[in-house]
Amino acid sequence: MTAFKGTFPTVTFTELTDKNAVLTKQYGIFMECFKKKHPGIMSDGSAKQVTMQLDQVIPYFASLSEHQAICHGLTENPLATITVKSRETKDRIARTKDNFIFRRGDPSLILFDVDADDSPGSTNIHSPAELVDIIETILPSSSNAAYMAMASASSGIMNADTNELLTSNCGFHIYFVAQDGSDIPRFIETLFKKLVLEGFGHIKISRAGSQLLRTVIDGAIKSPERIDYVAPAVISDGLSRQTIDPTLRPGGMLDTVVLKNLTPEEERSYADLVKQIKSDTKEKAATFRNQYVEIKSIELGISKKRLMQVLESADRSVLEYDCVLTLNDNSTVLVGEVCSNPRDWDGVSLRDPLDPDDGASKAMIMVGDDHTVRINSFAHGGCLYSLMGRPVELYSSLQHTSLDDVEKVLEDFSEKVICDLDRMDEVDIL
């Protein structure tokens, strides 16, 4: 490996290892067709903190196995055993924000994830230097910060016989070291808005006709518990991968605090600009939605009117019981099915509810202690969706409950009936 001159900051992050799941992307050829398989769900493994200089991160990533990934946040103990939330014990923790944090005052990795986007109005970034230049126009002090850039695991996959490029070679990750990791969520949110104000915002229209605000960075890469799939992709016989050299720039840490929050005037300008660019794409979005409703109403046996209501509710971050969710393998499930047996779905990773084409593992189902079900989407800015099951589902609640818990379930059921009667015209007892 080439030796890079200069100084680089030191950072600590978490190495994740799963006993069974493959924690990187997989590519192969099956029946003469190119197939892609997204990373699995981490449910049984370990977390170990590692510390190194930023320039050492490149060979470290290359050394990881297909069962390994990283997480930018840290656990309370340097070594931890990982499980799913529903199986947590004193000695086994789940990969949640309660257990993985950015420690105040401690340096942390901060990632800018860039993917090719062919949406009208988008600014395609073709090199890490292009994005760094844009960021430096907004935050000039970042020109003194070290960074490491490398192609994403999915970049440059080729047919070994024909040399045909099967995946984009424009995707890459840029890593800085934030001086205070606890400021990362605020910084990313603020930078996203300032990029939009500088003219780098556009609307991506999903296949369901939702208008999704995008810019040159993924605004959702700001959560300490999120998995960063950095191990080399697994590729089968018949495929090869372009060699794309990493980039390193020496320097210090990135002082994110220098980037101030938007002023009230800037917030108003931002809101007005988003409203305008959504207005510009409203007609096209309506066409996409009508086409989607035509097809899906037949597939799901739901009236067009009802399906349109469900999609409009989803645009407001509420997913009703007959809303379709797309899992990582592209199979689908209705929200009502998830709400019927929430314990079976707690911690399950899936695609973004409004933009499933964005890729796998973009969201996660979460069940609260009060039995509320939500989906936390990490895609492009992030969104927390509330899930609404059918009005009352007593049988579904009881069938997976031990006899010792039945009395508590019945108490919860009575409260649920009262709440549902307050907001529903009809109670559906299964």
Side-chain angles (χ1 to χ4, degrees), residues 1-11 13 52-61 70 72 102 107-117 121-156 168-181 183-202 214-222 226 228 230 242-260 262 380-381:
M1 176 182 168
T2 303
F4 292 91
K5 297 180 179 180
T7 59
F8 294 89
T10 298
V11 66
F13 52 91
M52 63 188 66
Q53 288 187 176
L54 186 61
D55 58 324
Q56 298 171 332
V57 170
I58 295 173
Y60 167 77
F61 284 177
I70 71 164
H72 298 179
F102 291 128
S108 296
L109 282 178
I110 181 169
L111 165 63
F112 298 114
D113 184 9
V114 178
D115 291 308
D117 188 346
S122 64
T123 301
N124 279 319
I125 305 297
H126 298 97
S127 72
E130 285 185 45
L131 179 61
V132 171
D133 286 345
I134 291 172
I135 293 174
E136 288 178 0
T137 63
I138 295 173
L139 185 63
S141 63
S142 64
S143 62
N144 298 317
Y147 75 81
M148 181 273 283
M150 59 186 294
S152 63
S154 60
S155 291
S168 169
N169 59 2
C170 294
F172 53 86
H173 293 172
I174 302 179
Y175 293 88
F176 288 79
V177 176
Q179 186 170 306
D180 181 356
D183 189 51
I184 288 176
R186 181 208 67 85
F187 172 79
I188 292 294
E189 181 178 349
T190 303
L191 180 61
F192 184 97
K193 290 182 176 181
K194 285 185 177 287
L195 285 166
V196 173
L197 283 171
E198 289 294 322
F200 295 105
H202 68 278
R214 299 288 187 260
T215 188
V216 291
I217 64 169
D218 188 335
I221 312 293
K222 58 186 178 185
R226 179 170 173 154
D228 188 0
V230 296
Q242 286 182 339
T243 300
I244 304 173
D245 292 332
T247 302
L248 268 172
R249 183 179 76 180
M253 296 186 191
L254 180 66
D255 186 0
T256 59
V257 177
V258 174
L259 186 69
K260 302 302 181 184
L262 270 64
H380 303 281

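Residue H173 holds its NE2 atom at 12.5 Å from CZ of F112, rounded to the nearest 0.5 Å. Separation of atoms CG (L109) and CG (D228) is listed at 8.0 Å; rounding is to 0.5 Å. Between the CD atom in E198 and the CG atom in L195 there is a gap of 8.0 Å [rounded to 0.5 Å]. Distance OG1/T10 to CD/Q53: 4.5 Å, rounded to 0.5 Å. Between the OG1 atom of T215 and the CG atom of L191 there is a distance of 8.0 Å, given to the nearest 0.5 Å. One finds the OG atom of S143 at 12.0 Å from the CD1 atom of I135 (value rounded to the nearest 0.5 Å).
Annotation: Y60 is in aromatic contact with F13 [ring centroid separation under 6.0 Å]. Taking the six-membered ring where the residue is Trp, the centroids of F61 and Y175 are separated by under 6.0 Å.
Looking at heavy atoms from C-beta onward, L139 lies in side-chain contact with L254 at the 4.5 angstrom threshold. L197 is not listed as a side-chain neighbour of F192, based on a closest heavy-atom distance of 4.5 Å or more. In this structure the side chain of R226 never reaches within 4.5 angstrom of the side chain of H72, judged on heavy atoms. Looking only at side-chain heavy atoms (C-beta outward), M148 and T247 stay at 4.5 Å or farther from each other. Side chains of V216 and V114 form no contact here, defined as non-hydrogen atoms less than 4.5 Å apart. Between L262 and K194, the closest side-chain pair of non-hydrogen atoms falls below 4.5 Å.
The minimum heavy-atom distance linking P250 with A146 is given by the pair C-CB, 3.7 Å. In terms of heavy atoms, V177 sits closest to I110 at N-CG2, 4.3 Å. Of all the heavy atoms in E130 and I125, the pair that sits closest is CB-CG2, 3.8 Å. The minimum heavy-atom distance between P185 and F102, with the atom names listed, is CD-CD1, 4.1 Å.
The aromatic rings of Y147 and F176 sit tilted relative to each other, their planes meeting at an angle between 30° and 60°.
Between the S155 side chain and the G171 main chain, a donor and an acceptor come within less than 3.5 Å of each other. Checking side-chain atoms of R249 against main-chain N and O of A145 turns up a donor-acceptor pair under 3.5 Å.
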Determine, stepwise, if the pair L248 / F8 fulfils side-chain contact (heavy atoms from CB on, under 4.5 Å).
CA-CA 9 Å; L248 268 172; F8 294 89; 3.7 Å; yes

Passes side-chain contact (heavy atoms from CB on, under 4.5 Å), I174 versus V132? Steps please.
CA-CA 9 Å; I174 302 179; V132 171; 4.1 Å; yes

Check the pair M150 / V230 against side-chain contact (heavy atoms from CB on, under 4.5 Å), numbers first and verdict last.
CA-CA 10 Å; M150 59 186 294; V230 296; 5.8 Å; no

